[in-house]
Amino acid sequence: MIFIIIKEKKQYCEYTPGKRLKEAFSDERIPLMTMDHLRALDFPISRNISYERTVDEFLVQLATNDTLRPLRNRSEMVVLLNEEGALILNQGQWTLYFTPDKRECATLSADANLYAVLKGLHARLKKGEVTSVIVPERSLKALVAGTSPFCILDEYCKKEPGRYLRVAEKIVVEGTDTLFKNVPVCSYNKLSTVDKSEIENYNTIQALMDEYILRCNNAEPGEQIQPLSIAVFGYPGSGKSFGVRQIAATSGIFEVSSINLSQCGDPQDFFEALDEAINCAKGRIPLVFFDEFDCELDGISRGWLRYFLAPMQDGEYTTKGKTRLIDRAVFVFAGGTAHTFKEFNARSDTEEYAAFVKAKGPDFVSRLKGILNVRSLNRTDVSDRSYIIRRAMVLRTQIVRNVPSIYDPETGIVNISHSLLSALLRVSEYRHDARSLAFVLAMCRLSSEKRFTPSNLPMDTQLDIHLDVEDFRRKLIFEQIMGEMVETYARTAHENYQKRWLEMQSLQPESTAPEVSVREELADWDSLKECYKESYRSRIRYMGEYLVSFDTRIGIRPIVPNSADAVTELYGPDLEELSRVEHERWMNDKYMDGWQAGDTDPELKHSTELVPYQDLPEETRDFIRREIRQMPLLLREIGYELYHKSY
């Protein structure tokens with residue numbers, strides 16, 4: 001935690017609303033203002049979506065908008081995020097202070113005593129109610145391009161030993177208390193998430209619903225309010241309706257009902273169901289879920305869309321020959337065939353667009369006020385690193401609710417095998433998303449068990465219904481063989497790299513050899529940045545999981561004395577294959593860190609080496625081969641070996 005350095009009040013210059021920034025901060029005192037002051041000056045900086053988005057939008061404006069030039073070259077500055085946090089510049093380094101379980105509100109008056117607010121924030125920081133994170137330095141090019149967006153969860157996980165996997169394991173075993181004190185948390189009734197994208201999506205939907213409630217409350221007697229229409233997309237089993245239901249529950253004003261379009265025989269059935277759904281008690285607002293709204297009607301793809309248009313736009317529909325008015329309502333359209341809004345909204349240059357137009361797709365989209373893409377428990381794209389945290393939170397919740405025998409309510413500890421937990425968190429796919437994870441637990445024999453181990457798992461044919469069982473078994477076997485030694489291997493590999501680098505440099509003329517002290521990747525293990533440590537861990541995990549596959553020529557095991565099948569040196573096809581696997585691992589890690597293929601540009605995270613192994617320059621492939629040749633030696637140092645399989 002980084003404490004706020006509070007200086008004397010006379011050293012700060014508080015912004016006076018109405019003044020130009022150049023006039024307000026004309027002397028050398030430290031500028032002290034609120035983010036709302038800047039919003040009032042028409043700077044496009046969002047509120048109440050996420051702390052990270054607010055920070056990045058402010059930094060882009062500061063770097064590119066000349067109206068902020070009076071602040072651009074300051075080495076110290078304070079920008080308050082209402083009473084919930086502050087963005088503070090000290091000696092050229094930005095630090096964000098924030099309240100994890102709250103969002104930036106708008107409770108401060110224009111003439112509030114900002115110095116008192118800053119001191120109050122400092123007091124709450126000392127109590128542990130507020131926490132801090134250093135905002136990573138990024139170039140202007142990276143900021144504007146959005147190639148390295150600020151994410152507090154990422155910053156937290158990157159600094160933890162073991163990074164995302166270790167944080168996820170602690171969530172399942174120990175709970176979320178530590179995590180929730182260090183990262184933003186979005187909570188609505190039974191829903192809690194720390195995923196930045198989910199936080200932004202849910203907060204946006206909540207803001208729409210709050211605004212709609214306000215409009216309804218302020219409406220004149222007899223005034224008809226157009227329904228609020230929201231579309232929700234996600235993979236089957238991802239809980240598309242769950243999040244919206246939890247947001248609705250926090251308001252206490254919505255009466256929720258559902259209409260499944262796949263069960264409506266014709267439009268008349270639909271309108272009769274709608275007629276029943278919108279009739280609710282006085283003072284309540286009907287919230288109607290239209291499940292599988294994008295399904296077929298009479299063989300026509302998305303044939304129901306045309307029947308939603310009048311209720312969405314005009315607040316009326318016709319049933320039994322009578323036109324009925326919808327006084328006020330929230331319509332939530334939950335997709336059944338499209339998994340994202342982008343997938344649903346056909347582009348004009350695609351073959352599907354003509355059918356989309358015929359089905360009134362563009363007319364339907366034009367009536368939406370908001371969309372929500374529910375994040376999967378699987379990786380949503382190659383750069384999705386937080387999927388493992390999402391899995392951990394769902395797994396912990398499912399165990400606590402449904403498997404009490406392995407959960408100790410006094411200590412909060414879940415008793416689960418480490419190798420099994422790692423495999424459950426890292427398996428490549430849950431076939432039916434959160435539903436599959438819940439069903440895997442339900443299929444295990446745990447009612448009388450005190451510890452969850454691999455022996456409790458069902459047969460592979462049953463597991464394969466809900467997850468990629470081959471990948472799961474590979475991960476489980478590797479963890480059982482070597483999981484506890486991953487850290488030892490990583491340290492050994494780093495020390496070996498240090499030694500080889502120093503030996504190579506000793507052969508160069510002294511004037512041309514770079515100093516070790518300026519190369520951060522050559523630091524001693526205990527001082528090495530976590531990103532470099534994780535690279536070594538990732539290498540042995542990825543390679544190890546490949547080697548335990550049934551169809552590989554080479555395997556990995558603890559040393560068998562005097563064995564004739566041990567591999568002490570790699571060469572030929574075996575070396576080439578393992579080098580290919582290592583490059584594949586490196587590319588996966590790069591993609592997850594936001595890199596893309598293209599002309600090399602570290603600021604934009606573009607690399608020419610993000611290509612298949614066979615397309616790499618020979619010099620690069622030779623470097624990979626040299627690293628892989630070290631593997632037999634490194635493994636033997638920690639009691640393991642490679643061997644030729646006989647099956």
Side-chain angles (χ1 to χ4, degrees), residues 157 160-180 192-195 237 376-379 385-460 462-488 537 540-541 544-545 548:
C157 290
E160 287 291 297
R163 294 175 58 122
Y164 299 91
L165 176 59
R166 182 60 187 136
V167 172
E169 289 172 344
K170 289 178 71 174
I171 289 170
V172 177
V173 175
E174 301 174 13
T176 57
D177 287 355
T178 300
L179 181 68
F180 283 9
S192 291
T193 181
V194 295
D195 183 284
S376 170
L377 291 194
N378 300 317
R379 284 174 64 177
R385 290 177 290 195
S386 59
Y387 77 98
I388 196 169
I389 305 298
R390 299 195 296 273
R391 286 182 177 181
M393 291 182 65
V394 172
L395 180 56
R396 167 83 182 185
T397 300
Q398 290 291 337
I399 289 174
V400 171
R401 288 179 181 173
N402 303 318
V403 195
S405 62
I406 64 171
Y407 169 65
D408 185 341
E410 292 187 5
T411 63
I413 298 296
V414 166
N415 194 358
I416 183 171
S417 153
H418 180 268
S419 59
L420 176 58
L421 175 57
S422 179
L424 286 170
L425 290 172
R426 296 192 304 113
V427 66
S428 61
E429 179 190 27
Y430 283 99
R431 303 198 191 282
H432 312 292
D433 224 277
R435 184 183 301 149
S436 282
L437 194 153
F439 280 16
V440 166
L441 281 178
M443 293 159 66
C444 295
R445 300 175 296 277
L446 291 169
S447 57
S448 60
E449 298 291 336
K450 298 298 183 183
R451 185 167 183 262
F452 190 8
T453 70
S455 63
N456 303 122
L457 294 169
M459 294 188 302
D460 283 2
Q462 306 300 313
L463 274 178
D464 200 44
I465 300 171
H466 292 291
L467 52 73
D468 182 341
V469 74
E470 289 187 9
D471 182 69
F472 176 76
R473 286 296 178 187
R474 281 195 298 269
K475 287 177 166 56
L476 183 59
I477 291 169
F478 171 75
E479 289 294 331
Q480 291 168 330
I481 292 174
M482 198 178 172
E484 299 296 328
M485 296 298 291
V486 166
E487 195 72 8
T488 304
R537 299 181 192 116
I540 187 59
R541 276 202 179 95
E545 289 165 13
V548 300

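Computed from a predicted model, the values in this text were never measured in an experiment.
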Exercise for review: Show your working on side-chain contact (heavy atoms from CB on, under 4.5 Å) between S192 and T176 and close with a plain yes or no.
Suggested key: CA-CA 10 Å; S192 291; T176 57; over 6 Å; no
Review point. How about R541 and L165: do any of their side-chain heavy atoms sit closer than 4.5 Å?
Key: yes
Check your understanding: Does some side-chain heavy atom of N402 sit less than 4.5 Å from a side-chain heavy atom of L441?
Key -> no
Review point. Can you find a heavy atom in the side chain of V414 that is under 4.5 Å from one in the side chain of R396?
Key: yes
Review point. So do Q480 and L476 actually touch side chain to side chain, heavy atoms under 4.5 Å?
Key: yes
Review point. Is it the case that more than 12 heavy atoms not belonging to E470 sit under 6.0 Å from its CD atom?
Key: no
Point to revise | Within-4.5 Å side-chain heavy-atom neighbours: L420 and F452 | key: yes
Check your understanding: How close do L377 and D433 get, heavy atom to heavy atom, and via which atoms?
Key -> N-OD1, 3.0 Å
Study note, to complete from the structure: Rounded to the nearest 0.5 angstrom, the CD1-CZ distance for I477 and F472 is 10.0 Å
**Study point:** Basic-acidic side-chain contact under 4.0 Å: E429, R431
**Key:** yes
Practice item. Determine the minimum heavy-atom distance between S455 and R445, stating which atoms define it. Key: O-NH2, 3.1 Å
Check your understanding: side-chain contact (heavy atoms from CB on, under 4.5 Å) with R473: which of D468, V548, D460?
Key -> D460
Exercise for review: Quick one: closest heavy-atom pair of R391 and R426, and the distance?
Suggested key: NH1-C, 3.7 Å
Review point. Does a side-chain N-to-carboxylate-O contact under 4.0 Å join R166 and E169?
Key: yes
Revision key, fill the gap. Heavy-atom closest pair (H466 atom, S436 atom, distance to 0.1 Å) is ND1-OG, 3.0 Å
Check your understanding: Would you say K475 and S422 make side-chain contact, with heavy atoms under 4.5 Å?
Key -> no
Check your understanding: If you round to the nearest 0.5 Å, how far is CZ of R385 from OH of Y164?
Key -> 3.5 Å
Check your understanding: CG/L437 to CG/L424 distance, rounded to the nearest 0.5 angstrom?
Key -> 7.0 Å
Check your understanding: Do T397 and R401 pass the side chain to side chain donor-acceptor pair (under 3.5 Å) test, and can you show the C-alpha distance, the side-chain angles, and the key distance before you say yes or no?
Key -> CA-CA 6 Å; T397 300; R401 288 179 181 173; 5.6 Å; no
Practice item. Give, for atom CG of L446 and atom CG of N456, the distance between the pair rounded to the nearest 0.5 Å. Key: 4.5 Å
Exercise for review: State, to 0.1 Å, how close S428 and D471 come at their nearest heavy-atom pair, and which atoms those are.
Suggested key: N-OD2, 2.8 Å
Study note, to complete from the structure: Smallest heavy-atom separation, E479 atom then S419 atom, equals CB-CB, 3.5 Å
Check your understanding: If you measure from OG1 on T488 to CE on M482, what distance do you get to the nearest 0.5 Å?
Key -> 8.5 Å
Practice item. Would you check if I416 and Y407 make a side-chain contact, meaning some heavy-atom pair closer than 4.5 Å? Key: no
Point to revise | N415 and D408, any side-chain heavy atoms less than 4.5 Å apart | key: no
Check your understanding: When rounded to the nearest 0.5 angstrom, what distance separates OG in S447 from CD1 in I406?
Key -> 11.5 Å
